[in-house]
Amino acid sequence: MATSHSPLSRDDRRTELREFLRSRRARVSPADVGMPDGGRRRTPGLRREEVAVLAGVGVSWYTWLEQGRDIKVSEQVLDAIARALLLGSAERAHLYRLAGLNPPQVSSAPSVAPSPEVRRLLDAWSPRPGYVRDRHWNFTAVNDAARVVFGYGESDHNCLVSFFTNARYRVRHRNWAETATEVAAAFRADAARYPDDAEFGRIAADLAAVSPEFAELWARHDVAEHTSAVKAVEHPDAGTMIFDATLLPLPEHPGHHLILHNPRPGTDTQQRLETLLRQHSLVVPHPG
């Protein structure tokens with residue numbers, strides 16, 4: 001596994017590792033892990049030798065690790081220590097980083113409905129467009145502003161497919177041809193994150209069969225990653241609107257992203273947007 005480039009120096013990481021392991025050990029009682037109490041204890045929590053037994057490592061080796069000595073560690077041993085100390089997923093990842101390793105990639109569900117908190121955020125984001133997509137780029141939530149601005153309808157279920165097949169969206173996207181290259185490349189990059197997931201290939205094959213433009217771009221095998229974009233929309237009722245789009249990963253649902261659009265500064269997009277959505281009774285007042 002590749003070494004992580006931590007912002008902490010090696011000495012700082014060792015100090016942090018020592019304090020982290022001690023603090024985690026102190027909060028776990030023998031009863032928590034099914035061990036006998038063993039009589040009176042001078043300090044709370046498990047003893048070092050008890051952690052070593054639970055993790056299946058030598059007492060001296062664990063002592064050296066907790067002291068921050070320069071010793072070799074493996075993923076398997078770190079996982080065993082994480083289980084012994086009852087670490088949560090965030091704590092396990094932190095342990096990996098402090099030990100100088102990249103945390104394992106968190107497995108993700110192909111598609112999960114947005115949480116109530118994310119849905120409220122989408123609603124509150126109106127009159128600005130926003131939506132959530134899963135790792136296959138399927139829409140899992142779209143606010144009304146996005147439907148009005150981008151022309152999404154009930155038949156739009158996948159962001160990639162809609163980009164290449166939704167005539168309303170295509171006409172409204174001022175830089176569609178230039179952006180298409182980036183969109184296809186970004187989808188291929190996302191597909192590479194899940195090499196065992198055949199759904200990416202199915203989506204690409206089905207789309208290539210109905211979109212010659214996508215088929216040509218997909219055959220190039222270009223890859224690209226981006227966390228932001230500029231979208232220029234030529235709306236038939238509102239005219240030109242330009243948005244800064246930001247992709248925000250949802251940590252509770254790996255592979256899912258919240259995409260939020262903000263009117264670009266220096267344009268009259270905000271005014272045009274409010275006028276358009278007022279016609280649809282979708283303007284939500286924001287406190288000044």
Side-chain angles (χ1 to χ4, degrees), residues 1-121 132 134-135 140 193-194 196-197 248-258:
M1 182 171 280
T3 300
S4 174
H5 298 285
S6 170
L8 296 174
S9 69
R10 177 174 294 185
D11 288 343
D12 288 339
R13 278 199 293 111
R14 289 176 183 173
T15 300
E16 180 66 20
L17 176 62
R18 179 174 66 246
E19 297 304 321
F20 179 68
L21 286 174
R22 286 177 177 173
S23 68
R24 301 307 91 173
R25 179 165 58 86
R27 72 176 188 179
V28 180
S29 70
D32 291 334
V33 292
M35 299 185 74
D37 193 340
R40 205 165 201 185
R41 294 172 181 257
R42 291 180 297 176
T43 57
L46 296 175
R47 300 185 177 103
R48 285 175 176 169
E49 55 268 25
E50 290 170 334
V51 176
V53 169
L54 289 169
V57 299
V59 176
S60 296
W61 187 93
Y62 177 77
T63 300
W64 293 338
L65 176 68
E66 193 175 288
Q67 289 174 343
R69 296 197 190 186
D70 188 12
I71 58 177
K72 296 291 184 181
V73 295
S74 68
E75 302 166 34
Q76 293 78 12
V77 169
L78 289 181
D79 284 343
I81 291 172
R83 288 192 296 270
L85 294 175
L86 306 180
L87 300 187
S89 58
E91 293 171 321
R92 175 171 171 261
H94 187 59
L95 175 62
Y96 264 76
R97 295 187 183 99
L98 293 179
L101 299 179
N102 288 323
Q105 184 178 22
V106 179
S107 59
S108 63
S111 188
V112 178
S115 67
E117 292 78 12
V118 171
R119 286 189 176 276
R120 284 197 295 270
L121 174 58
V132 178
D134 65 18
R135 78 183 189 194
T140 62
R193 300 177 188 275
Y194 308 96
D196 299 325
D197 189 338
L248 304 172
L250 298 177
E252 68 272 25
H253 300 314
H256 292 56
H257 286 82
L258 172 66

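Position 1 is the first residue of the sequence, and the numbers go up from there.
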Does a side-chain heavy-atom distance below 4.5 Å link [X] with [Y]?
X      : Y      : result
Arg69  : Thr63  : no
Ser29  : Leu46  : no
His256 : Val118 : no
Glu50  : Val33  : no

[atom1]/[X] to [atom2]/[Y] distance, rounded to the nearest 0.5 angstrom?
X      : Y      : atom1 : atom2 : value
Leu121 : Leu248 : CG    : CG    : 8.5 Å
Thr140 : Asp134 : OG1   : CG    : 6.5 Å
Leu54  : Leu85  : CG    : CG    : 8.5 Å
Asp32  : Arg27  : CG    : CZ    : 9.5 Å
Asp70  : Arg14  : CG    : CZ    : 4.0 Å
Leu95  : Phe20  : CG    : CZ    : 6.0 Å

Heavy-atom closest pair, residues [X] and [Y]:
X      : Y      : answer
Gly255 : His257 : O-ND1, 3.7 Å
Gly45  : Pro30  : O-CD, 4.5 Å
Ala55  : Ala80  : O-CB, 3.4 Å
Leu101 : Ser74  : CD1-C, 4.3 Å
Ser115 : Glu252 : OG-OE2, 4.2 Å

Practice item. Determine the sole option in Ile81, Leu65, Leu17, Val57 for which the side chain to side chain contact (heavy atoms under 4.5 Å, CB included) test with Val73 is passed. Key: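 Among the candidates, only Leu65 passes.
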Review point. Are the side chain of Arg92 and the backbone N or O of Leu87 linked by a donor-acceptor pair below 3.5 Å?
Key: no
Exercise for review: Check for a donor-acceptor pair, side chain of Asp79 on one end and backbone N or O of Gln76 on the other, with a separation under 3.5 Å.
Suggested key: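 Answer holds: no.
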Exercise for review: Give the C-alpha distance, both sets of side-chain angles, the deciding distance and a yes or no for side chain to side chain contact (heavy atoms under 4.5 Å, CB included) between Glu66 and Arg25.
Suggested key: CA-CA 10 Å; Glu66 193 175 288; Arg25 179 165 58 86; 2.7 Å; yes
Check your understanding: Hey, mind stepping through Arg48 and Gln67 against side chain to side chain contact (heavy atoms under 4.5 Å, CB included) and telling me if it holds?
Key -> CA-CA 11 Å; Arg48 285 175 176 169; Gln67 289 174 343; 4.0 Å; yes
Check your understanding: Between Asp12 and Thr15, do the side chains contain an N or O donor and an N or O acceptor separated by less than 3.5 Å?
Key -> no
